[in-house]
Amino acid sequence: MKSSTQLKNCTVNTDKPSVKKVNILMVDDHPENLLALEAVLTSPNYNLVSATSGKQALKYMLKQDFAVILLDVQMPGLNGFETAKLIKMREKTKNIPIIFITAISQDVEHVQQGYSVGAIDYIFKPYEPELLKQKIEQFVKIHQNHEEQMIQNEAEKTAEIQEINEKLDLTTLDLRKSEALAKVIGDTILDTIVTFDTNGNIVSVNKAITNMFGYSFEEIVKHPIESLFLKGLEDSGTYTWPFHNSFTEQVGGRVVEVIAIRKDSSQFPADIQIGETTVDGQEIYVCTIRDITERKQMEEVKKQKYINLESIVQERTMELLLANEKLKNEVVERKKIAAHLLASQERFRKMFESSPSLIAIYSLEDKTFIDVNERWVDYTGYSYEELNTINLRLLYCIEEMNIDCLDLRTSNRNQKISYKTKNGQVRSGLLSTELITLHSKPCALIVVTDITDRVLLENEMARLDRLNLIGEMAAGIAHEIRNPMTTVHGFLQVAKSSREHLKIEIVDLMLDELNRANSIITEFLNLAKNKVSDKRSQSLNKIIKSLFPLIQAEALRSSKEAVLDTRDCPDIYLDEKEIRQIILNIALNGLDAMTSGGVLVIRTYTENKEVVLEIQDEGEGISPEIIEKIGTPFFTTKEDGTGLGLAICYSVAERHQAEIDITTGKTGTIFSIRFNL
């Protein structure tokens, strides 16, 4: 016979071919269609059941189980949709896969209605027989796998029940063993175990009571337990036995020393411990009594030994004298260590003086400089004596934080600063500080790495970058405006050489080109940093909701979807026109980046004291080469784009002290605009 563990871990062999045929229900009001389906699906493994109406199909389903249902949509009486609803309403049949077969309409609404009533597939006539056959085979496999899984689950449940029964048998056996073991322990233990009720009357005792007290079970049972102990408090501090509830609560769980009385009235010291339990609703107390006569005798011996400790103390005194001698030797060793420390200080002095950085030691108590290296004197122009007359706040002008906030008692690393020399020159540096102790006084080690030359080089590079950007923008403006100007110039030359009046179509074309040039200039002016913004406290969600119908209409026009997900956000200072422009630019770019069926999501939320506007598309993502140029004026990947849309977005974000983050990948791109609260 297998154990419960073996039964639990056993599995049902799902590789064996099933001898039971699988039922497939075909429902169509035209018999010729049923014959066509039967011809396609005939198999020795299938039991094909035909029904010519929805009612007949429901009757068959009351009698048999089906792996899949092929259901015609257009039928007299109950049509396919109504029949599917009734099938899905029954608990027993709601999980049977339904495939609609129809030759009526292929409209999206019609198909969606089929899926809404529970269909998992929609096949249009004429259908491909081999494709239908393969689909049915897959659904049959799913049905067979489901039935095999149910059989396996039933086997596992049976194994679990058998395992539980075996555990119950083991528990019963363990309980019997525990009872027998408790009886053996009670009979063989040297301690006396007494149980008594709430009135203090003895209920049971173990055999040890005879050796310890001299009583038999018959002599002591039903007697008060207090008869076993001396009454009244002893001078030694041991407890007596004043039995009452408060005493049992006080003693409960602790070991207490008492004076016990034997049957012959002799006394002996004992330790007792009382526990409480409930048996059949009745409170029972269990008292363990241990004879500690031998322990008391040993304590007396220990007291005698304590008297002899004085001689031991004298011996320890001699040992301390020897230890003192060792301490003197340690003092010599410490002097050697001090010599090594002096050598270390000398090495520090050399590094201090030869370092290319400006180094100073500053007293935090006296607010004075203790020492500076030669670099400090060379760069600042102040001598050591002059430094102590200068306020540290005037010497350092922190660029990234106020000097009053600089705590020299904590470590600082590479804090960018500018400092003024004696002749008034302002130089740049990186400040690092470390708290040290010098002569038991707190001091700050200040290190300044001069980066003046590097800052000048960075500023020059930034200036050249700006000149390069201006050149690129000028070239872009010239290119974008030259095209419409060339068109207008050409037509005007034609008009000059011809005596005939210009056609109205040519005049309209010239006006369109001039309007295009004007729009390019207008968008370029939107990039201006000094543009005046009409900001006021308002809801970002309200602006988005008013603009969303326009975005949604644009999405539907190109067979795409726009989704709005706004959460509660506090009001912030915004220029509504500029915010509408930034939303439209990014949203329309997202729609252009997606193919048909793509979803554009616009969401808002609050995070880390910021209001976040996210616009997410499902396009192919942006390549790293293009991301580096995003926001550059006149850079575009569109054939008819001006390249100013995202540049304007970045300009608007800068005027709102907001940041634009871009997260892109193969599954799409997310533009996050973060506004500070």
Side-chain angles (χ1 to χ4, degrees), residues 7 9-75 78-103 111 114-115 117-159:
L7 287 172
N9 294 331
C10 71
T11 56
V12 178
N13 186 0
T14 58
D15 296 331
K16 295 181 179 179
S18 176
V19 297
K20 181 180 178 182
K21 285 189 176 183
V22 176
N23 296 327
I24 298 176
L25 178 61
M26 303 178 299
V27 186
D28 198 311
D29 59 323
H30 295 289
E32 62 273 16
N33 291 339
L34 293 174
L35 289 174
L37 287 173
E38 187 174 353
V40 172
L41 300 178
T42 298
S43 170
N45 297 326
Y46 300 162
N47 179 27
L48 301 178
V49 179
S50 300
T52 58
S53 67
K55 290 184 179 180
Q56 188 179 15
L58 294 174
K59 289 181 180 179
Y60 285 153
M61 297 185 71
L62 293 174
K63 301 177 182 178
Q64 317 180 54
D65 291 331
F66 294 94
V68 65
I69 300 173
L70 298 172
L71 185 59
D72 185 27
V73 175
Q74 194 70 20
M75 294 187 298
L78 285 177
N79 62 26
F81 294 148
E82 294 170 340
T83 304
K85 285 183 180 179
L86 294 174
I87 292 172
K88 293 300 179 180
M89 288 174 62
R90 290 188 63 220
E91 184 67 25
K92 184 178 179 181
T93 61
K94 68 178 183 180
N95 293 323
I96 301 176
I98 299 174
I99 300 176
F100 279 129
I101 300 180
T102 182
V111 175
Y115 286 126
V117 297
I120 64 171
D121 203 353
Y122 212 105
I123 298 177
F124 299 101
K125 299 176 182 178
Y127 49 81
E128 179 64 33
E130 188 63 29
L131 179 62
L132 177 61
K133 186 175 182 180
Q134 291 176 358
K135 286 187 178 183
I136 295 300
E137 287 177 354
Q138 294 303 317
F139 286 122
V140 168
K141 287 182 180 179
I142 294 173
H143 176 74
Q144 291 173 338
N145 291 338
H146 177 68
E147 289 189 343
E148 292 170 358
Q149 185 63 39
M150 290 181 62
I151 295 172
Q152 182 175 349
N153 292 342
E154 188 66 27
E156 291 178 354
K157 288 182 180 179
T158 303

Side-chain atoms of residues 22-32: list all donor-acceptor pairs with protein atoms under 3.5 Å, sequence neighbours left out, distances to 0.1 Å.
from: Asn23; atom 1: OD1; to: Asn47; atom 2: ND2; distance (Å): 2.9
from: Asn23; atom 1: ND2; to: Asp65; atom 2: O; distance (Å): 2.9
from: Asp28; atom 1: OD1; to: His30; atom 2: N; distance (Å): 2.9
from: Asp28; atom 1: OD1; to: Asn33; atom 2: ND2; distance (Å): 3.4
from: Asp28; atom 1: OD2; to: Asn33; atom 2: ND2; distance (Å): 3.3
from: Asp28; atom 1: OD2; to: Lys125; atom 2: NZ; distance (Å): 3.3

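Listed for the Gln152 side chain is no donor-acceptor partner under 3.5 Å among the backbone atoms of Glu148. In terms of modelled atom types and a separation under 3.5 Å, the side chain of Asn145 and the main chain of Lys141 share a donor-acceptor contact.
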Quiz item: What do the steps show when you test Ile136 against Leu70 for side chain to side chain contact (heavy atoms under 4.5 Å, CB included), and what is the final call?
Solution: CA-CA 9 Å; Ile136 295 300; Leu70 298 172; 3.7 Å; yes
Exercise. Check the pair Met61 / Ile69 against side chain to side chain contact (heavy atoms under 4.5 Å, CB included), numbers first and verdict last.
Key: CA-CA 10 Å; Met61 297 185 71; Ile69 300 173; 3.5 Å; yes
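How far NZ of Lys133 is from CG of Leu37: 13.5 Å, rounded to the nearest 0.5 Å. The structure places CD1 of Ile87 at 9.5 Å from CZ of Phe66, a figure rounded to the nearest 0.5 Å. Separating the CG atom in Leu48 from the OG atom in Ser43 is a distance of 8.0 Å, to the nearest 0.5 Å.
Annotation for Ser50 and Leu34: closest pair CB-CD1, 3.9 Å, computed over non-hydrogen atoms. Across Leu41 and Tyr46, no two heavy atoms sit closer than the pair O-CD1, 3.1 Å. Closest approach of Gly80 and Phe100 over heavy atoms only: O-CE2, 3.6 Å.
Residues meeting the side-chain contact (heavy atoms from CB on, under 4.5 Å) test with Ile142, sequence neighbours left out: Phe139. Residues meeting the side-chain contact (heavy atoms from CB on, under 4.5 Å) test with Leu86, sequence neighbours left out: Leu58, Leu78, Met89.
Residue pairs meeting the side-chain hydrogen bond (donor to acceptor under 3.5 Å, both in side chains) criterion with at least one member in residues 81-93, sequence neighbours excluded: Glu91-Lys94.
Defined by atom type and a distance below 3.5 Å, a donor-acceptor pair is present between the side-chain atoms of Tyr60 and Gln56.
A heavy-atom distance below 4.5 Å is found between the side chains of Val68 and Ile99.
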